[in-house]
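Below: the structure, in structure tokens.
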6 protein chains.
Amino acid sequence: MIVYLTRREHFNAAHKLWVDKWSEEKNFEIFGKCANKNFHGHNYDLQVTVKGTPDPLTGFIMDAKKLSNILKEKVCNVLDHTNMNLDDNFLPKGILATTENLVYYIWQEIEPHLDENCQLHSVKLYETRNIWAEYFGE
Amino acid sequence: MIVYLTRREHFNAAHKLWVDKWSEEKNFEIFGKCANKNFHGHNYDLQVTVKGTPDPLTGFIMDAKKLSNILKEKVCNVLDHTNMNLDDNFLPKGILATTENLVYYIWQEIEPHLDENCQLHSVKLYETRNIWAEYFGE
Amino acid sequence: MIVYLTRREHFNAAHKLWVDKWSEEKNFEIFGKCANKNFHGHNYDLQVTVKGTPDPLTGFIMDAKKLSNILKEKVCNVLDHTNMNLDDNFLPKGILATTENLVYYIWQEIEPHLDENCQLHSVKLYETRNIWAEYFGE
Amino acid sequence: MIVYLTRREHFNAAHKLWVDKWSEEKNFEIFGKCANKNFHGHNYDLQVTVKGTPDPLTGFIMDAKKLSNILKEKVCNVLDHTNMNLDDNFLPKGILATTENLVYYIWQEIEPHLDENCQLHSVKLYETRNIWAEYFGE
Amino acid sequence: MIVYLTRREHFNAAHKLWVDKWSEEKNFEIFGKCANKNFHGHNYDLQVTVKGTPDPLTGFIMDAKKLSNILKEKVCNVLDHTNMNLDDNFLPKGILATTENLVYYIWQEIEPHLDENCQLHSVKLYETRNIWAEYFGE
Amino acid sequence: MIVYLTRREHFNAAHKLWVDKWSEEKNFEIFGKCANKNFHGHNYDLQVTVKGTPDPLTGFIMDAKKLSNILKEKVCNVLDHTNMNLDDNFLPKGILATTENLVYYIWQEIEPHLDENCQLHSVKLYETRNIWAEYFGE
């Protein structure tokens, strides 16, 4: 009996999409207004799903409060109210803060800290109500 | 051609998380304020997905109205405006009403009543906007 | 220049609607399933609006973080994960925890703690996505 | 490293559910008020997911703006502010505009136009907040 | 002590915007694709607010269930799954089913049926997530 | 007969809260993480309400499409994907981009462009799901 549990958290951050080795012209051709010089920002909505067998006594796969604390400590507190291009965080240098890249690197931050009896299933990140990415660890 | 159809329903219920054979101290250590003596409650949002091949004439996998009626009769009418710890329902005695346990037992209630030509795919239950569980029958 | 600022908070609580001096029959006639003996519960969504003139330097009517802290301390921490019929809170004895009554008594709790240069404008409380009440202090 | 990217779009359309070769009585028995003669309508919410490996430089699976343009051109502009029973569109004659059928035929419209390095993963369509269908191409 | 209570209901309907005495050209100039011949449709979200003094015993301005029943009987059951241009309803002939007109005529339908001790405060109608109208009876 | 019509639009922007003539210490004391050096950002949700008497023929107070175009041209296109501290826009120099200030200055931008027969009623701006401001022109 495998059950999936999801916890939602939030962070607000600035970013821009810009490849240094490209010309300004090429950056705007590829990224449009997302390349604007002085950054823009989003309210990010993070949804992380773990899976496992509920404990017979507690009915928990993993304490949702503990999962929330991991997400806050490892991801939200690191990115919230920051500029993902300029401030230090877990994104390697040169890796753009697209939603596609973010879900992959957020997975790496969270995965080592989960309870032994449950597995990380997916990391989903909404950049706006109209665009989101999800990563399943593969 | 397999299509997935989801129907959403609601119920509002009280519960608390409490293991009888544990001390009060241990219950609060594990469950925090969810162990408060006099219960608390939630607006539960239930999303049940079935899968099958649409009928060539009706374009239906299963009449969504019929699915809605099964969810109401077997789940929502049983749990709505009840206390899931004290009132009779389909949870076995001693099984706590966590979202993880609820999705498993809701599956058992719904699965025998679906149309023959479609299968239950998942039961998803939101306890709040920030926590939900899903069960896929495995 | 008067601007209105709203802050949203949440609490989850159990309640039932029951008038002690009425018969069981009359209680169910008036309150329906809301009178069920063992309580039910909701995810309450609280939206409190203050009004005032933004400070020329900070652009704040009132620090939204401070407003949030007042709402948490005076309302959410008092009601969250409680039973509004059985647990001690700011509702006078015998006053039912309907949304209509709650917005009035929440107003009384919050109003004395706001900054001097801003006024409480409204207290709005969602019991479900389909029912909410609002009080403007009159 | 496979990441899933979703883009949401909208269209508003009229339809009714009606099988010509059935009697009026049978149509109402099967479809209820969805068979009403003069049509009704919905705000449709379309969510299309593609999967692929983010480009090392751009961090994109596929430009979300390009995906949005495909969805608008091939689906939303065709169906928006139309009657899906009477107006010309990509639904074959005699195929009813149920959500189950729509997700299948929307898949056929979108799939040939995606970038080579990414695959269509799913087409999800909300007819209301309470009913939606999803198709994964199988 | 005046409290405002809101109840939300839904209906799905087809309509088009078209003035008979205008040319096709003028209709499209004024109404754009809303003038399309074969209609389109929406999921309408209706929010009706009443105001009054909560009853000291029940804590109710007006039973929200009774308010819901009035909205269903007088408005939703009349308009749901209909074509607001072609089917009989409470809109006078020649009055277009814009959200602005609908809130005015819905007010007229509801107002005579409310409890004596409470007043209709507003009728709000969402046509989409991006457009809505409200009428306060003046 | 006065009806209120609301149109919702969006923009995504970066900002920080920082008063130049204050010390870093005082800025962080007043603004907390909103003062972080490299900015952060939000998905802003703008809701603008106009009021007037519906035209007897069109049922319109004002064409919602025209209202949408004014909001896009005067506000969203100016602020979207910009840094409200660094980029040129309609905020006077030294005025911080708090939601309270934004609703006031957005009002000034929109008000002169509305149709003669309708009035601007309110400008509401959501910075997050939990904080928003509204201005009524007084």
Side-chain angles (χ1 to χ4, degrees), chain C residues 15-23 26-36 40 42 44-49 84-85 89-108 111 120-138, chain E residues 1-12 43-77 80 106 110 114-126 128-129 132 134-137:
Chain C
H15 76 156
K16 71 173 174 179
L17 301 184
W18 183 270
V19 172
D20 280 339
K21 68 184 194 190
W22 286 351
S23 66
K26 174 134 195 203
N27 270 290
F28 279 106
E29 181 200 327
I30 300 299
F31 295 124
K33 61 190 176 181
C34 295
N36 280 352
H40 61 281
H42 298 289
Y44 287 92
D45 186 321
L46 174 66
Q47 302 181 355
V48 173
T49 303
M84 294 189 290
N85 296 65
N89 58 45
F90 49 76
L91 289 171
K93 279 293 159 212
I95 294 293
L96 294 184
T98 60
T99 46
E100 293 99 312
N101 281 335
L102 281 164
V103 290
Y104 174 79
Y105 287 101
I106 289 171
W107 176 289
Q108 313 307 324
E111 205 277 338
L120 185 53
H121 174 67
S122 85
V123 171
K124 195 174 187 176
L125 186 69
Y126 286 72
E127 188 176 276
T128 69
R129 282 181 197 141
N130 297 322
I131 298 178
W132 57 94
E134 189 165 20
Y135 179 61
F136 295 91
E138 289 175 0
Chain E
M1 169 189 173
I2 303 295
V3 179
Y4 297 71
L5 179 75
T6 304
R7 175 78 202 184
R8 196 171 77 134
E9 299 291 340
H10 303 88
F11 60 92
N12 308 321
N43 301 330
Y44 288 91
D45 186 322
L46 174 65
Q47 303 181 356
V48 173
T49 302
V50 297
K51 68 179 180 180
T53 301
D55 177 275
L57 268 184
T58 63
F60 279 178
I61 298 173
M62 177 181 175
D63 181 357
K65 186 73 190 162
K66 186 179 172 190
L67 178 54
S68 167
N69 288 340
I70 293 169
L71 301 184
K72 282 177 183 149
E73 185 189 338
K74 299 299 175 188
V75 180
C76 299
N77 293 354
D80 190 36
I106 290 170
I110 294 168
L114 298 181
D115 287 0
E116 281 192 11
N117 58 318
C118 77
Q119 282 181 273
L120 186 52
H121 174 67
S122 85
V123 172
K124 195 174 187 176
L125 186 70
Y126 286 72
T128 69
R129 284 180 195 140
W132 58 94
E134 189 165 19
Y135 179 60
F136 295 92

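Below, chain A is the first sequence line, B the second, and so on; all start at residue 1.
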Tell me, for C:I131 versus chain E, whether the close heavy atoms (under 4.5 Å) come from the side chain, the backbone, both or neither.
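Interface part for C:I131: both.
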Residue C:L96 versus chain E: region with a heavy atom under 4.5 Å:
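Interface part for C:L96: side chain.
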Using only distance, no hydrogens or angles, which N or O donor-acceptor pairs sit under 3.5 Å between chain E and chain C?
from: E:I2; atom 1: N; to: C:E138; atom 2: O; distance (Å): 2.7
from: E:Y4; atom 1: N; to: C:E134; atom 2: O; distance (Å): 2.9
from: E:Y4; atom 1: O; to: C:E134; atom 2: N; distance (Å): 2.7
from: E:T6; atom 1: N; to: C:W132; atom 2: O; distance (Å): 2.7
from: E:T6; atom 1: O; to: C:W132; atom 2: N; distance (Å): 3.1
from: E:T6; atom 1: OG1; to: C:W132; atom 2: NE1; distance (Å): 3.4
from: E:R8; atom 1: N; to: C:N130; atom 2: O; distance (Å): 2.9
from: E:R8; atom 1: NE; to: C:R129; atom 2: O; distance (Å): 3.0
from: E:R8; atom 1: NE; to: C:N130; atom 2: OD1; distance (Å): 3.1
from: E:R8; atom 1: NH2; to: C:N130; atom 2: OD1; distance (Å): 3.4
from: E:G59; atom 1: O; to: C:T98; atom 2: OG1; distance (Å): 2.7
from: E:I61; atom 1: N; to: C:E100; atom 2: OE2; distance (Å): 3.1

At what distance, to the nearest 0.5 angstrom, does CZ of E:F60 lie from CG of C:L17?
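So the gap between those two atoms works out to 5.0 Å.
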